[in-house]
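Proteins come first, then strands; the chains are lettered A, B, ... in the order of their sequence lines, and each starts at number 1.
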There are 2 protein chains.
Amino acid sequence: MKSKFQLVYEELAHQIQKGEWQPEELLPSELELVKQYHASRETIRKALKLLSERGYIQKIQGKGSVVLDRSKIDFPFSGVSSFKELSERMNMKVETEVVAFDEVKAHLELQSKLQLTSEQSAICIKRVRKVDGERVILDKDDLVHSVVPGLTADISQNSIYEYIENQLGLVISFARKEIVVEEPTEEDRALLDLDGFSNVVVVRGQTYLDDAKIFQYTESRHRPDKFRFVNFARREQV
Amino acid sequence: MKSKFQLVYEELAHQIQKGEWQPEELLPSELELVKQYHASRETIRKALKLLSERGYIQKIQGKGSVVLDRSKIDFPFSGVSSFKELSERMNMKVETEVVAFDEVKAHLELQSKLQLTSEQSAICIKRVRKVDGERVILDKDDLVHSVVPGLTADISQNSIYEYIENQLGLVISFARKEIVVEEPTEEDRALLDLDGFSNVVVVRGQTYLDDAKIFQYTESRHRPDKFRFVNFARREQV
DNA sequence: TAGTGGTCTAGACCACACC
DNA sequence: GTGTGGTCTAGACCACTAA
């Protein structure tokens, strides 16, 4: 059962995406929306807060909610998204090759990365992503085995996130990520079409479920010319 | 006058940073906090929502608010921060050299980047950032002249954001940023100590005031070994 | 079952923009 | 002054967790 403020958010977001409200226009006032949606003002305000956080509108006290031009940020690499979700949104022609899929007893490095005991095990996956026929991304993922008991190489060729959320019914909650530029390793050179590039962009991160338990350590190594990160951020005023 | 929920947020955030609540511990329940702070539940919930958005806690229905281990993300390059704010938080020894400071009538490129008419003008600034004596960052900023009438080279050697927020009383609201890797330009080679590096990391962005008007176009060019971007993101469930 | 967070309501007062 | 968004309150009901 979706909550009321989510439904209001989705309807307004959809209207903005379809262009029913143009950039620089004002949305109806909160009081107007209260009447339209037969909701209380706080409920409307929750929906507007979501729109604001995701870059759809800017609220201005005394004036109203200004619609922003979201066209420039519609391909975000930000947030917590899977490669499959991204490639679909960006209409890229991509293939995935699973080059390794192993169950491994947690050695010291894995114990620290995934907060495991030495009794537990992890699934270690390496996948190469081809874009337009070129091998440009190497994804290395370590997952807590007990969280994803039925994971197979086949599934991981598709989308691990989809399996976790739709098949297992788990909720992915948040992630920490870091972006740095490094020299290619031997593995990078072997598995990617690096051509002359002397650097790779490395995105490292940990992903958590909604019980605040880590379930994935991920390292994504990109050929620099195919890497792009887009971000919408609000300044923290407090 | 700070609002009540901001004060509650700041106090709890401070307590978590000082370690008064350890990771994996539960914060007091919302009802407890209502009594402690003599506030209504919605007010407490606004404070907790802020803590959650900024990675301090994870709320779990039926259980409580779990404190997260924020130590790993305490140097965020995310959000909208100025170089000075970052360098102070990270305790880096940095110097800034202003290599250009010009008022320019808006030509076509500037008109599109800053949404100006041909009548208006912009301030174009180039600054080189030295870290530990090495020139590793080239910042190129274009600002709407009418927004920052009294800006000088002196001020821009310090912090432009500080001047805008504290001296002019304006409110910086949000930014769009993009990170890509490019080949160095002649200018990069001339102004930075690139040594052997054959790439630069380019962060391009537009910054907006709280009236949703753009006031800054910024391009920050980093030597790859000195670049790092850290991000905390929640998965968008809706 | 008791305690927790999630949602929603109706009403109040304030601060700010615009006329 | 009127209309806008910002904050705060008190109370209600629901969904989930854990004993």
Side-chain angles (χ1 to χ4, degrees), chain A residues 1-12 21 24-53 56-68 169-171 173-174 209-213 234-238, chain B residues 1-12 21 24-53 56-68 169-171 173-174 209-213 234 237-238:
Chain A
M1 176 63 181
K2 270 190 185 160
S3 55
K4 206 163 178 176
F5 78 86
Q6 280 177 328
L7 292 171
V8 176
Y9 161 79
E10 283 175 15
E11 184 157 334
L12 291 173
W21 308 99
E24 312 217 1
E25 267 190 318
L26 291 177
L27 286 188
S29 73
E30 294 180 350
L31 218 57
E32 277 296 320
L33 294 171
V34 162
K35 290 177 203 156
Q36 278 183 36
Y37 288 97
H38 305 289
S40 75
R41 199 174 150 221
E42 287 292 350
T43 300
I44 295 298
R45 283 176 58 73
K46 275 189 201 168
L48 293 177
K49 181 142 195 296
L50 260 186
L51 288 170
S52 161
E53 285 169 355
Y56 286 98
I57 62 171
Q58 173 72 14
K59 302 187 84 176
I60 304 179
Q61 190 169 16
K63 289 179 79 171
S65 300
V66 181
V67 175
L68 299 179
L170 301 173
V171 178
S173 182
F174 61 95
L209 297 174
D210 68 345
D211 60 358
K213 298 290 182 209
R234 292 194 168 271
R235 181 153 170 87
E236 304 188 351
Q237 308 284 358
V238 184
Chain B
M1 176 60 181
K2 270 191 185 160
S3 55
K4 205 164 178 176
F5 78 86
Q6 279 178 326
L7 293 171
V8 175
Y9 161 78
E10 283 175 16
E11 183 157 335
L12 290 174
W21 308 99
E24 313 218 359
E25 266 190 317
L26 292 177
L27 286 188
S29 74
E30 295 181 349
L31 217 59
E32 278 296 321
L33 294 170
V34 162
K35 290 177 204 156
Q36 277 184 37
Y37 288 97
H38 304 290
S40 75
R41 196 172 153 223
E42 287 293 349
T43 301
I44 294 299
R45 283 176 58 74
K46 275 189 201 169
L48 293 178
K49 182 143 194 297
L50 259 186
L51 289 170
S52 161
E53 284 169 356
Y56 286 98
I57 63 171
Q58 172 74 12
K59 302 187 82 176
I60 303 179
Q61 191 171 14
K63 289 180 76 170
S65 299
V66 181
V67 176
L68 298 179
L170 300 173
V171 177
S173 182
F174 61 95
L209 297 174
D210 67 346
D211 60 359
K213 299 288 180 211
R234 291 194 169 272
Q237 308 282 3
V238 185

When you check the phosphate oxygens OP1 and OP2 of [N], does a side-chain N or O of [X] lie under 4.0 Å from one of them?
X	N	result
B:K49	C:dG5	no
B:T43	D:dT9	yes
B:S29	C:dT4	yes

Main-chain N/O of B:H38 paired with B:K4 side-chain donor or acceptor, under 3.5 Å =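 Looks like yes, one N/O pair under 3.5 Å.
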Heavy-atom closest contact ([X] atom, [Y] atom, distance):
X	Y	result
A:V34	A:A39	CG1-O, 3.0 Å
B:I57	B:R234	O-NH2, 3.0 Å
A:F5	A:A47	O-CB, 3.4 Å

request  = In sequence, state the C-alpha distance, the side-chain angles, and the governing distance for B:E42 and B:K46, and then conclude on salt bridge (charged side-chain N to carboxylate O under 4.0 Å, His left out).
outcome  = CA-CA 6 Å; B:E42 287 293 349; B:K46 275 189 201 169; over 6 Å; no
key: Side-chain donor-acceptor contact under 3.5 Å, A:E32 with A:S29   =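 Result is no, nothing qualifies.
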message = For nucleotides 10-19 of chain C, give me one character per nucleotide, 5' to 3': B if any protein heavy atom sits under 4.0 Å from the base, S if the only such contacts are to the sugar-phosphate, - if neither.
response = B-B--BBSS-
Separation of [N] [atom2] from [X] [atom1] (nearest whole Å):
X	N	atom1	atom2	value
A:D211	D:dT17	CG	P	10 Å
A:I44	D:dG6	CD1	P	14 Å
B:R45	D:dT7	CZ	C1'	16 Å
A:D210	D:dA15	CG	C1'	14 Å
B:K46	C:dC8	NZ	C1'	14 Å
B:L7	D:dT7	CG	C1'	12 Å
A:L27	D:dT4	CG	C1'	13 Å
A:K59	D:dG3	NZ	C1'	15 Å

request  = State which residue, out of A:K35, A:K49, A:R41, fulfils the salt bridge (Lys or Arg N to Asp or Glu O under 4.0 Å) condition with A:E30.
outcome  =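 Between A:E30 and the candidates, salt bridge (Lys or Arg N to Asp or Glu O under 4.0 Å) is satisfied uniquely by A:R41.
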ask   = How do B:H38 and A:G64 order along DNA chain D: which one's closest nucleotide is nearer the 5' end?
value =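 Nearest-nucleotide comparison on DNA chain D picks A:G64.
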